[in-house]
Each structure stands twice: as structure tokens, then as C-alpha cells.
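These notes concern the structure reproduced below.
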Amino acid sequence: MYRPNPKQASTYTRVLQAVESLGDSVSLGESGSTRIETNNTVLQVWNLTTISDSHVLGLELALDSGEVTEITDGQGRGNRSEDEGKYDNTDTAIMLPGRIARSIAQKYPGRDIRISASIFTKTSLFGSSASTVTDADSRHRHITLNSKVIALRITVDGKPKTDLAAFGKGSVTTVFTPVQSKEQSFRELSRCVFWDFALQDGKGAWSEEGCHHSDTVQGKVVCECDHLTNFAVLLALHGQESRKEKIAKIHESALSLISVVGLSLSIAGLSGTVISFIVIKKLHSSNSQQTLFNMALALLLSWVTFLAGFSRVHGHVSCILVAALLHYLILVSFMWMVIEGILLFLQFKARIGRFSRYMLKTALPAWGLPLIPVIIILAIDVNLYNGWEQYCWMSRTPFYYAFLAPIGIMVSANIVLYVLIVVSICRRRDMSHGGTSYNVISIRASIASFVVLGLSWGFAFFAIEDAGLVFQYVFTCTTAFQGILIFAIFTARDAAVRQFWLDLICRSKQVRSGSLPVMQSAPYRPVTKETSFNRSK
């Protein structure tokens, strides 16, 4: 996806939609066709039944005279690909195989079927022909609109039909004379694109999806697309990076390296937390350890999904699944963070030591509620989970309302809970007593996890809009190393967990050395109540 600045995008969309509306409403008269010409645009509209015998349908702008000619003469224009001088005098052209038009006429007999083609003879309508646009990850700073803009539209009773695959094999062919010519290969520099009204949250952007560079003939760029819309050519001027852009690429590589290293360590740490809970049965009776296990499991699955599929996986559907799953799992991890805060609040304020059916009461909302925003986005438009060219992630509007907003609510709720708990602790006179001391230590550890998990995503509000390079580094570091920090705070410092693994290691060494029979069990040193689930000792 190639993004013009918001002002240009708005202009492109208004111009293109205005011409489309005109083509849908103009009267065709008895001749079955009409033409509207202005200083900048030529619009030709046909009734499909009057031209269904043509081999090729479309418009062509002559290079020398600047005249626009209909391609509906049935003279075999579809075979011009075999002619040596087929595009000598062509500035811009768009051609649709006649067999597709006939297929549409057969599929919708007796319906009002229109084909409208338009050529914007002057790119001044879209700002400058060399107006700079950037792609989703800002890698191509020097990308310019390098041709006229041309469109072909088919409507049946006023409803557009864009997918050519529904009417048999074939594609629409466009020919462009580049505004700028470069010594490098056009195949390397040119981008065959169309204007996608849905991108950039409805502002629109140039997209390559479904289009490819077919050929270069007499200096003309020939493109083929499997759908109908507004087409153009973008010219990517590689090898002209500024010093600022080179530095930006260095930072991008550094951030990627931090992410991979940090998430790899986090996956190892979270795996240790999950395995420890599974194999140490004593932990199963602790509500706090059950909460920790579920939070660690959600984070572990989310980071595995991130590393496996966040960088543009193959296939449109696969990318949507990755983005939706990642969205869901991160929200689940935050839900367990909220439940941990509620658990501590009830234990400390209400003096409730244990809860009946704790997992049933907590697992259903923690794993179920995050499905709601995911289902809403999928119901509105599944393509909202396919909003980036290089990554599998959601578009910006759902990112703010369905991701950052719920996270902000959950973080705010935990802040309120912890403030109430800390205030109550400060008012107590028996803080030195064992029970209160244990609660204080547990609360400290819980608040530490809240800072690790919650504060990091707070930086996302600043990093997402490129507010500063510092925020991007802080967000990347705090997020990537979440798992290993949670392991250090909760698992590695837990006396019961340390005792179990130390005894297991000692038994393994004794078995290898032959001092302990394989079937004999080594004595397990009992763990006191004060140290069983003390996360900070």
C-alpha cells in the first residue's frame, strides 16, 4: 500500500468518486453511449448490449494529438500484442476483453448494464504528477505518481461489478507512458497500482493487490489487473536515499533485532512458567498461581503467533487469522492481569482466602470477553485485520477503538484497585504481622507485573504515530522482554518452584553418577506455608 498525504488522498477520492457517480447517472439516449469531455477528463459510457460484439472495449489517449479514441471497433484490437508497433502512438489506454463483456451480458439478461471508461488527461487533478507518497512502513520515500490515471467500471442496475474472475478468465490491460523515464529497468522501478477507497480508514491509498507489471513495450508500461477500478503507475526511485532515510533503516533493523531477541527470551521464560505450574502440583491449589499460569499461557501463545506470522504471511486469509488471533490473545493476557488485581483486592479488603470454583468463575470472562471486539471487527469487515502491506495487523481505526481502548480501560481499572489496596495497607497498624506482610509482598509483586505488562502498552499510544524514536525503543524493549521479566518476578523467585527444580536437578545428577537408583525417590524438602507461594523470596 502506498499512502499519499491525507490532503492528497482526500482529493483523489473526491475526484474519482465524482466521475464514477456521473457515469452511473448520465443518460445514454438512443445510441446507447455518450461521451463527456472537460479540460482534464474524458468519460465514455456505453450500454453493454450495443457493443457486446467487440473484441476489446476501452479507451485510448493518443500520444501526439492528445485525442481520446474508443476501442470498440471490433477490428481485432485484442491481437495488437502481436504487432511490432502496437503502442507507438499510445499515451494511455485501458482494454477489457470482449468475451468478459459478453459473459456479463449473458449472466444478467435484460438488466441495465453499463460500462464506463475515463481518462484523466491531466494529473493536475491529483496535485502534482510527481507528488511524493509513502508506503505503510515508510521504506519508499521517493515514490511518485508517474502516469495518467485511467479507469474502467461496470455496473448492473447501478451496482458495480469489480471481480473479473466471476465472469471467466481474463484481466483488464492498461498501458501507460511514464511521465519520468529512468535508465534502470521499468520492471524494477514501476508499480502497477489502483486506487483503493477502503484503505487508510476510508481516505484511500494506492495498492498493488491483484495488479502486476506485464510488459514494457516501446518505453510503455503494460499492466494487468484482475479487477476493475482506477489505475495508474507509480515510479519507485531507488538508490536515492538520503542520509536521514539510511539512519531510519538502521533504527528499523535495530528495533527488529531487539524484538526477535526479546521475544525469544520471553517465550523461553513464559514456557518455564507454564511448565512449572503443570509439573508442580502444589501450585495448583493457589488461586494466584492459577491466574499467573493463564496469563503466562496467553502471552506465550501471543508471542509465538507474533514471531510466526506477524511479518506478512502468505495468503490473504492467513494474514487475517494471524492478526485476529494476536489481537485476541493480547487482550486475554490483560484480562488475567485485571483478574489478578481483583483477586488481591478481595483477599486483602474482604479477607477472602480462597474462592470456590475459582477457575470456572475467572476463565470464562478472561478467555471469553476478548472475543467480543474481535467478532465485532470481523462482522464489520474482515479486511480491517489486513490493514498493512508488510505486517499482519489491524487498521488504525480498529486498533484505537478495539485494542488500545480496551487495554486503557483495563489498565485504568487496575490502577484504581492498586491505589485502594495501597491506601488500605498504609492505614493498617499491624503491617508487621505475618499475614499482612505476606499480602504486602504479594501486592508488590502484582504491581510489578502490572507495570511490566500495562505500562509498556501505554507507550503504544505514543509510538504508533511516530511521536518519537525514543518511544519506539521504549515500547519495543518493554514489550519484547515482558515474558522474561514475568518469569523472573513470579517464577524464579518463588521458593516452592526453586526447591522443586533444585531437587529435580540433584536427583538427576545422582542418577547419572550411580549414587541413587533410578526408581528411588530423593527426599523432598518440605516447604513452609510462609514460603510456598511467596513470589518475591
Looking at [X] and [Y], would you say the former's side chain and the latter's main chain have a donor-acceptor pair under 3.5 Å?
{"X": "D381", "Y": "N383", "result": "yes"}
{"X": "Y328", "Y": "W367", "result": "yes"}
{"X": "H327", "Y": "L329", "result": "no"}
{"X": "D91", "Y": "A62", "result": "no"}

### Task
Test W46 against T34 for side-chain contact (heavy atoms from CB on, under 4.5 Å), laying out the working first.
CA-CA 7 Å; W46 301 277; T34 188; over 6 Å; no

In chain order, what residues pass the side-chain contact (heavy atoms from CB on, under 4.5 Å) check against [X], with sequence neighbours excluded?
{"X": "A413", "result": "none"}
{"X": "V338", "result": "I342, M410, N414"}
{"X": "Y401", "result": "T397"}
{"X": "A480", "result": "L263"}

### Query
Can the SG atoms of C223 and C211 be said to lie under 2.5 Å from each other?
no

### Task
Apply the test side-chain contact (heavy atoms from CB on, under 4.5 Å) to residues W336 and L299: give CA-CA distance (whole Å), side-chain angles for both, the deciding distance (0.1 Å), then the verdict.
CA-CA 10 Å; W336 281 109; L299 280 174; over 6 Å; no

For [X] and [Y], work out which heavy atoms get closest and say how close.
{"X": "A323", "Y": "M394", "answer": "CB-N, 4.4 Å"}
{"X": "F176", "Y": "T174", "answer": "CE1-OG1, 3.3 Å"}
{"X": "V26", "Y": "R114", "answer": "O-NH1, 2.6 Å"}
{"X": "V322", "Y": "C392", "answer": "CG1-CB, 4.1 Å"}
{"X": "S271", "Y": "L300", "answer": "OG-CD1, 3.6 Å"}
{"X": "G483", "Y": "L270", "answer": "CA-CG, 3.6 Å"}

Rounded to the nearest 0.5 Å, what separates atom [atom1] in [X] from atom [atom2] in [Y]?
{"X": "S171", "Y": "I100", "atom1": "OG", "atom2": "CD1", "answer": "7.0 Å"}
{"X": "I36", "Y": "L22", "atom1": "CD1", "atom2": "CG", "answer": "4.0 Å"}
{"X": "F306", "Y": "T479", "atom1": "CZ", "atom2": "OG1", "answer": "9.0 Å"}
{"X": "S118", "Y": "I94", "atom1": "OG", "atom2": "CD1", "answer": "8.0 Å"}
{"X": "N40", "Y": "I119", "atom1": "CG", "atom2": "CD1", "answer": "13.5 Å"}
{"X": "I71", "Y": "L96", "atom1": "CD1", "atom2": "CG", "answer": "10.5 Å"}

Indicate yes or no: at least one non-hydrogen side-chain atom of [X] is less than 4.5 angstrom from one of [Y].
{"X": "N47", "Y": "S33", "result": "no"}
{"X": "V221", "Y": "V175", "result": "no"}
{"X": "M295", "Y": "F334", "result": "no"}
{"X": "Y87", "Y": "T177", "result": "no"}
{"X": "V304", "Y": "I267", "result": "yes"}
{"X": "Q482", "Y": "W303", "result": "yes"}
{"X": "V172", "Y": "E224", "result": "no"}
{"X": "T69", "Y": "L59", "result": "no"}

### Message
If only side-chain N and O atoms count, and only distance matters, is there a donor-acceptor pair under 3.5 Å linking T90 with E60?
### Response
yes

### Message
Applying side-chain contact (heavy atoms from CB on, under 4.5 Å) to V45 and L28, what does each step give before you reach the verdict?
### Response
CA-CA 7 Å; V45 186; L28 300 183; 3.5 Å; yes

### Query
Crowded around Q17 CD? As in, over 12 foreign heavy atoms under 6.0 Å?
yes

## Note on the structure
By salt bridge (Lys or Arg N to Asp or Glu O under 4.0 Å), D24 pairs with (sequence neighbours left out) R153

### With D196 via salt bridge (Lys or Arg N to Asp or Glu O under 4.0 Å) - residues at least two apart
none

Going by side chain to side chain donor-acceptor pair (under 3.5 Å), name the residues that satisfy it together with [X], two or more places apart in sequence or in a different chain.
{"X": "D226", "answer": "none"}
{"X": "E37", "answer": "R35"}
{"X": "N39", "answer": "none"}
{"X": "T13", "answer": "W195"}

### Mutual orientation of the aromatic rings belonging to H251 and Y473 [parallel < 30°, tilted 30-60°, perpendicular > 60°]
perpendicular

### Task
Kindly state whether the ring of F403 and the ring of W393 have centres lying under 6.0 angstrom apart.
yes

### Verdict with supporting geometry, L321 and V317, side-chain contact (heavy atoms from CB on, under 4.5 Å)
CA-CA 6 Å; L321 290 176; V317 176; 4.3 Å; yes

